[in-house]
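Just the heavy atoms: all of them, side chains too, but no hydrogens, waters or symmetry mates, feed the values below. Since the model is a prediction, treat every value here as computed from it, not as a measurement.
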Amino acid sequence: MSGGAGRRRRLVLHVDLNNTVVAADAVLGQGPRAALNAFLSTVSWGRAGAAGEWQWASDRPSLSPPCPGALSYDSRHGRDPAFTEAGPGRCFADLHARHLQLLEWPGQPDDVLSVEGEPGKRYHLILPSFFRLLDALHREGRAFAVVFRSFGTDLPRALRAVACALAGQHPRFPALRDVALPVDPTPGQIRCSKREVVLTRGAERLATREDGRKLYDYFSSFEGIGGFQDHFDWWAKNNFSSRGGKPLWIDPHDPSVHHIFIDDNIRLDDADTIVHPQVFSEPGSGSPRSAPTSELYDVCLVQTDLLEAIADEDYFLRCVRRCEENYERYLACAGKDAPSQRWDGQ
C-alpha cells in the first residue's frame, strides 16, 4: 500500500482562511487586532481557583493543554476579541503586540493584498508564510493544488489576493509570477446532509449519493487554486463535532496524491473539531469509513498555530513536510487492522 514511498506525491492542500492564512474575520467584523486576540484566548490555558477567579496554568500559549485539567480561556469565557486589553489576558499583551507588528504591511497600501486595521495601520491580508509555501513548492518542482475551505464569506477576496500575488504584484514575493497556477475567482459550495454531500461550482455539480468516490476523485484531480464555502449550519446541527465538519476523503491505496487539511479549529477531540475525515479502507471502495482525528493528525490534518504561522515564514512548509514524513509511516501500517490503534503520530 505504501508503493509511493520515495516518490513525491501530488499535494492537494485544503486550507482554511480565518486564523489560518487570514488573520481577520469578515463575518464577525474582526480585523487583525481582534482576530489575533480571539485566537490567543483559545490557546491560553488555566483553571478556576477556589473563589472562582481565573488562574493561569502556563504563561505560554499552546495548541494543547500544558497539564492535566487545564482549560482554554475561551472554553469558559468565549472567544474574546479584546483578550489582551482587559482582564486576565493582559499578561499576554506584549505577545499580541509583537505578532501584530509582524503582520504590518510594508510600504505603500495595497487594496487587494492588505487590509485596513486601526487608523494609520495596514496589515497583510494573506500571511506571508502561505506565499512562502507556494514559492517553495514551486521551486522544488512539486505538483500541487490549493483548495480554500471556509465557512465564511472571505473566499472571493482571498482568491483575488492570491491571483494578484501570482501576477507578481506582492512586494515580498515577486518571484510568484513564475508559479503557473490558475486561480478560479468563483467560489463553489459544499453542502452536507445525512444522505449525501453535494459540491457545486458554476456548472459543476457532484454528489456522493451514487458514488462515494466522486468528490475524492474531483479533489484529487483539482488544478490550480480555488475555493469552496463549507456548510456551517450542518456543523452546528451536529454540535460542532467531526461528524458535521468539513468533509475530507483519504485513499491510502492511491499512490499518486496526498490530501492535507490545514485549519486552526482541528482538534484531537472529535466532539469539538472542524474536519470530518473519511478513509477508503479497501482498494476501489466507494464507501469510506469515518476516521478519528487522532488517526490522521499531522498526517493529513494540521491544526494551525496562528502565532507560529505569523512569526515563521517556513511554518506551513514545515507542516507539509512533517505530514509527508508521517504519511509514509501511516501507509506502512494501513494494510493491517485498526490503523487508528496502531498509528499514534509519534
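With rounding to the nearest 0.5 Å, the separation of CG in L17 from CG in D25 is 10.0 Å. Rounding to the nearest 0.5 Å places CD1 of I310 at 5.0 Å from CG of L36. In this structure, the separation between CD on E308 and CG on L63 is 7.5 Å, given to the nearest 0.5 Å. Distance check: D80 CG to T42 OG1 gives 11.5 Å after rounding to the nearest 0.5 Å. Here the CG-SG distance, from L133 to C319, works out to 9.0 Å after rounding to the nearest 0.5 Å. D135 contributes atom CG, which lies 9.0 Å from atom CG of D178 (distance to the nearest 0.5 angstrom).
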Legend entry - W235 vs H276, ring pair (Phe, Tyr, Trp, His ring centres under 6.0 Å): CA-CA, chis, key distance, verdict: CA-CA 10 Å; W235 190 42; H276 182 191; over 10 Å; no
Legend entry - Verdict with reasoning, F144 to V146, per side-chain contact (heavy atoms from CB on, under 4.5 Å): CA-CA 7 Å; F144 69 98; V146 176; 4.3 Å; yes
Legend entry - Criterion side-chain contact (heavy atoms from CB on, under 4.5 Å) on C323 and V299, from CA distance to verdict: CA-CA 4 Å; C323 284; V299 177; 5.8 Å; no
Legend entry - K246 and I190: CA distance, side-chain angles, deciding distance, side-chain contact (heavy atoms from CB on, under 4.5 Å) verdict: CA-CA 8 Å; K246 304 173 184 179; I190 296 173; over 6 Å; no
Legend entry - Stepwise side-chain contact (heavy atoms from CB on, under 4.5 Å) test for V15 and V21: CA-CA 8 Å; V15 182; V21 296; 3.7 Å; yes
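Counting only N and O atoms by type, the side chains of R267 and T273 include no donor and acceptor under 3.5 Å apart. For the 3.5 Å distance criterion, the side chains of D254 and S256 qualify, holding a donor opposite an acceptor. Using a 3.5 Å distance cut-off with no hydrogens or angles, the side chains of E116 and Y123 do not pair a donor with an acceptor. Between the side chains of H124 and S114, no donor N or O sits under 3.5 Å from an acceptor N or O. A side-chain donor from one of D270 and T293 sits under 3.5 Å from a side-chain acceptor of the other. Of the N and O atoms on the side chains of T84 and N37, at least one donor lies less than 3.5 Å from an acceptor on the other residue. In summary, the side chains of R201 and T186 do not present any donor paired with an acceptor at a separation below 3.5 Å, with no hydrogens or angles considered.
S242 approaches V275 most closely through the heavy-atom pair OG-O, 3.2 Å. Annotation for T20 and L127: closest pair O-CD1, 3.5 Å, computed over non-hydrogen atoms. For the residue pair Q30 and A35, the shortest heavy atom distance occurs at OE1-CA, 3.7 Å. Between L296 and P277, the closest heavy-atom pair is CD1-CB, 3.6 Å. The two residues N326 and D298 come nearest to each other via the heavy atoms ND2-O, 2.9 Å. Across all their heavy atoms, R122 and P109 have their closest contact at CD-CB, 3.2 Å.
In terms of modelled atom types and a separation under 3.5 Å, the side chain of S129 and the main chain of A309 share a donor-acceptor contact. Judged by distance alone, the side chain of Q229 and the main-chain N or O of G152 form a donor-acceptor pair under 3.5 Å. For the pair R177 (side chain) and P174 (backbone), a donor-acceptor distance under 3.5 Å is present. Put simply, the side chain of Y315 gets close to the backbone of D305: a donor and an acceptor are under 3.5 Å apart. Not one N or O on the side chain of H14 forms a donor-acceptor pair closer than 3.5 Å with the backbone of L301. In this structure, S72 contributes its side chain and V43 its backbone to no donor-acceptor pair below 3.5 Å. A donor-acceptor pair is defined here as one N or O able to donate and one able to accept, closer than 3.5 Å; such a pair exists between the side chain of E53 and the backbone of A51. With W45 contributing its side chain and S62 its backbone, the two residues share a donor-acceptor pair below 3.5 Å. W105 places no side-chain N or O within 3.5 Å of a backbone atom of L103 that could act as its donor or acceptor partner. A distance-only check finds a donor-acceptor pair linking the side chain of R10 to the backbone of S220 [under 3.5 Å].
L11 and V162 fall within the same hydrophobic cluster, where Ile, Leu, Val, Met, Phe, Trp and Tyr residues are linked whenever their side-chain heavy atoms come under 4.5 Å apart, directly or through other members. Linking Ile, Leu, Val, Met, Phe, Trp and Tyr whenever their side-chain heavy atoms come within less than 4.5 Å leaves L206 and V198 in two separate clusters. A continuous path of hydrophobic side-chain contacts links V183 to L125 [ILVMFWY only; heavy atoms under 4.5 Å].
Annotation: side chain of L134 is in contact with side chain of L176 (closest heavy-atom distance under 4.5 Å). Two residues are said to be in side-chain contact when any heavy atoms from C-beta on lie closer than 4.5 Å; V12 and I260 fail this criterion. For the pair S41/H77, no side-chain contact is recorded, criterion being any heavy-atom separation below 4.5 Å from C-beta on. Side-chain contact between K194 and W234 is present, with at least one heavy-atom pair separated by less than 4.5 Å. Between F131 and F316, every side-chain heavy-atom pair lies at or beyond the 4.5 Å cut-off. Counting heavy atoms from C-beta on, the side chains of D272 and S241 never come closer than 4.5 Å. At least one side-chain heavy atom of L13 sits less than 4.5 Å from a side-chain heavy atom of L137. For the pair P252 and S281, the minimum side-chain heavy-atom distance is 4.5 Å or more.
Here the two rings, on Y216 and H259, have centers that are under 6.0 Å apart. Aromatic ring centroids of F228 and F219 lie under 6.0 Å apart. W249 has its ring centre no less than 6.0 Å from the ring centre of F261. Ring-centre distance between F130 and F148: below the 6.0 Å cut-off. When ring centroids are compared, Y73 and F83 come within the 6.0 Å threshold.
R149 and D263 are not joined by a salt bridge, as no carboxylate oxygen comes within less than 4.0 angstrom of a charged side-chain nitrogen. Checked for salt-bridge contact, E196 and R191 miss the test: no charged N lies under 4.0 Å from a carboxylate O. Under 4.0 Å is where a charged nitrogen must lie from a carboxylate oxygen, and between E282 and R289 no such pair does. A salt bridge links E140 with R8: the distance from a Lys NZ or Arg NE/NH1/NH2 to an Asp or Glu carboxylate oxygen falls below 4.0 Å. Salt-bridge formation is detected for the pair K121/E104: a Lys NZ or Arg NE/NH1/NH2 atom is positioned less than 4.0 Å from an Asp or Glu carboxylate oxygen. Residues D233 and K237 are not paired through a salt bridge, judged by the lack of any N-O separation under 4.0 Å between the basic side chain and the carboxylate.
Stacking of R213 on the aromatic ring of F280 is recorded, both the 6.0 Å distance cut-off and the 45° axial limit being met.
Around CD of Q108, the count of heavy atoms belonging to other residues, nucleotides or ligands within 6.0 Å does not exceed 12. Within a 6.0 Å radius of CD in E118, other residues, nucleotides and ligands contribute more than 12 heavy atoms. Other residues, nucleotides and ligands contribute at most 12 non-hydrogen atoms within 6.0 Å of the CZ atom of R76. R60 CZ: 12 or fewer foreign heavy atoms inside a 6.0 Å radius. Open room surrounds CZ on R139; 12 or fewer heavy atoms of other groups in view lie less than 6.0 Å from it.
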